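Computation of the quantities below employed the complete heavy-atom set of this structure, encompassing side-chain atoms and omitting hydrogens, waters and symmetry-equivalent molecules. Remember, it's a predicted structure, so these values are computed and weren't measured experimentally. Both counts, for ligands and for their atoms, begin at 1 and track the order of listing.
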Amino acid sequence: ARTAAALVVLGLLAGGCVPAAGGGVRGTPGAAGLKDPYYPRLGNGGYDVSRYALDLAYDPDGGHLDGTARITARATQDLSALNLDLSGLTVAGATVDGEPAAVNRAGHELTLRPRDELREGAEFTVTVDYAGVPEPVTDPDGSTEGWLRTPDGAVAVGQPAGSMSWFPGNHHPSDKASYEIALTAPSRLTALSNGVRVSSGPVSGGRTRTVWRQTEPMASYLATVMIGRYETGTATALGDVPVITAAEPSLASATAALRAEIPRILARQQDRFGPYPFSAAGAVVTRDGLLGYALETQTRPVFPASSFDRTTLVHELAHQWYGNSVTPESWRDIWLNEGFATYAEWLYAEEHGSVPARESFASAFADDDNWTFPPADPPAAENLFDPPVYRRGAMVLHKVRETVGDRVFGELLRGWAAKYRHANASTEDFTAYAESVAGRDLDAVWKVWLYGDGRPERP
Ligand code: TRP
Ligand code: ZN
């Protein structure tokens, strides 16, 4: 038994498969990345998360975050060790199924080695205790994301890789999970996150603990936190969906009218896109200077003040169906998010602004910026949010509409959202689905508009 144990230790150090004492083959470490074409080290292999429970206490004066993450997951292989993505911060300790686990950190890989190996198919719970001043993540395009400090609090946004700056997780869009996010902050501040607020009450030190719950699956890049001085508004949409909005106090009155339009916009989008996928909705408006873009954070998109206009609101609300419920399988499929959300803007302009979608198409066609690469194949990570992903993505959808007609296209918008509701989908899933609804192949559309290099002769 002693020799076997020594062999196991050596094998674990080598990170390979080793014969078990009983004769079978033991587990191996889960992969440190999911081989995303743009972010190969994002996410981790060997397990599938079903739930995150994050308990976060934030001190806005020092910018200090104190966190406990409880992660419920299922092993998809026999595991001797597993990785989580976490950047910065200090890990004080971790457990797997209640037993202390060995912790190792290298770059943004946090490796946990449980005392007992995990069997394929087993559900297990990980806890990670961590703390520190979170450092934003810098994207390949130079923008910063993650946990961003504000003068009175913080805003956390995570597309595509920022969530690792504030909680350990499987930070790839293909592993969606439910979330419960508890925020402890000074009682004078408001603390918002995704989903519905399930409780809020005073705790020690003049602080309040507020618990938010996002029951439907969410990709980690859509998790959000806003802590600071906000004025909030509540309404109801679609019969029973609570709409929680917030704006930094100096922006509250100027943004109230547009925030109040959310129920009407969602009702119209629900007619076009099918049932709203989540049990909450809303919007948060922050001061300019923090974020360079609006983001569709699940149920609670966030807008810098200067982007809080009707078109951008329509765009971020459309993402709740396209992006948040139907989520890209990998970052290569990002045009499925941005093309649909941009097309939602064109549909809105067609219906309310008397600008037919064919005119939006024509102006996108004429713009050189939209022709630098095909939407299905951005050249590099820094191009994931470039114009072709948005407007050429929308052009693909318009070409499908022209080919199949308005009635079938309407069916496609609803059917796509229904078929992959709360799931992940790839470009190939989309082309196959569109052809199944069209009842014919659409190669001519894909070849030129989705995959083709450069602008064709004629629109
Ligand atoms: N996905 C956001 C939207 O269109 C925008 C966005 C997120 C973005 N990250 C970005 C734009 C990085 C440019 C660069 O709603
Ligand atoms: Zn978008």
Is a donor on one side and an acceptor on the other found under 3.5 Å between the side chain of K176 and the backbone of N324?
->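 Side chain of K176 to backbone of N324: a pair is present.
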
Within 6.0 Å of [atom1] in [X], more than 12 heavy atoms from elsewhere:
X    : atom1 : result
R407 : CZ    : no
R70  : CZ    : no
E350 : CD    : yes

Any heavy atom of H319 sitting closer than 4.0 Å to ligand 1?
->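 H319: in contact with ligand 1 (<4.0 Å).
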
Heavy-atom contacts with [X] under 4.0 Å: which atoms of ligand 1 show up? List them by number with element.
X    : value
Q159 : 1 (N), 2 (C), 6 (C), 7 (C), 9 (N)
L295 : 1 (N), 2 (C), 7 (C)
A294 : 2 (C), 3 (C), 5 (C), 15 (O)

Kindly indicate, with the supporting measurements, whether the criterion side-chain hydrogen bond (donor to acceptor under 3.5 Å, both in side chains) is fulfilled by W446 and E435.
-> CA-CA 11 Å; W446 313 140; E435 294 184 347; 2.9 Å; yes

Nearest neighbour in protein (non-hydrogen) for [atom]:
atom                    : answer
atom 4 (O) of ligand 1  : Y390 OH, 2.7 Å
atom 6 (C) of ligand 1  : Y293 CD1, 3.5 Å
atom 11 (C) of ligand 1 : F385 CB, 3.6 Å

Could you list the residues that satisfy side-chain hydrogen bond (donor to acceptor under 3.5 Å, both in side chains) with W335, not counting sequence neighbours?
->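 If we apply the side-chain hydrogen bond (donor to acceptor under 3.5 Å, both in side chains) test to W335, skipping adjacent residues, the hits are T427.
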
So, for W321 and F278, is the gap between ring centers shorter than 6.0 Å?
->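 Between W321 and F278, the centre distance exceeds or equals 6.0 Å.
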
Under 4.5 Å between any side-chain heavy atoms of Y130 and P168, yes or no?
->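 The answer is yes; the side chains approach within 4.5 Å.
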
Under 2.8 Å from the Zn ion (ligand 2), which protein N/O/S atoms are there?
->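 Near the Zn ion (ligand 2), the protein supplies H315 NE2, H319 NE2, E338 OE1.
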
Output, in order, the C-alpha distance, side-chain angles, deciding distance and verdict of side-chain hydrogen bond (donor to acceptor under 3.5 Å, both in side chains) for S220 and H171.
-> CA-CA 6 Å; S220 78; H171 290 305; 2.7 Å; yes

Based purely on interatomic distance, does H315 place a nitrogen or oxygen under 3.5 Å from a nitrogen or oxygen of ligand 1?
->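 Yes; at least one N/O pair falls below 3.5 Å.
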
Short N/O distance, under 3.5 Å, between D141 and ligand 1?
->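 Checking ligand 1 against D141, no N or O pair falls under 3.5 Å apart.
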
From OH (Y322) to NE2 (H315), nearest 0.5 Å |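 Here the interatomic distance stands at 13.5 Å.
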
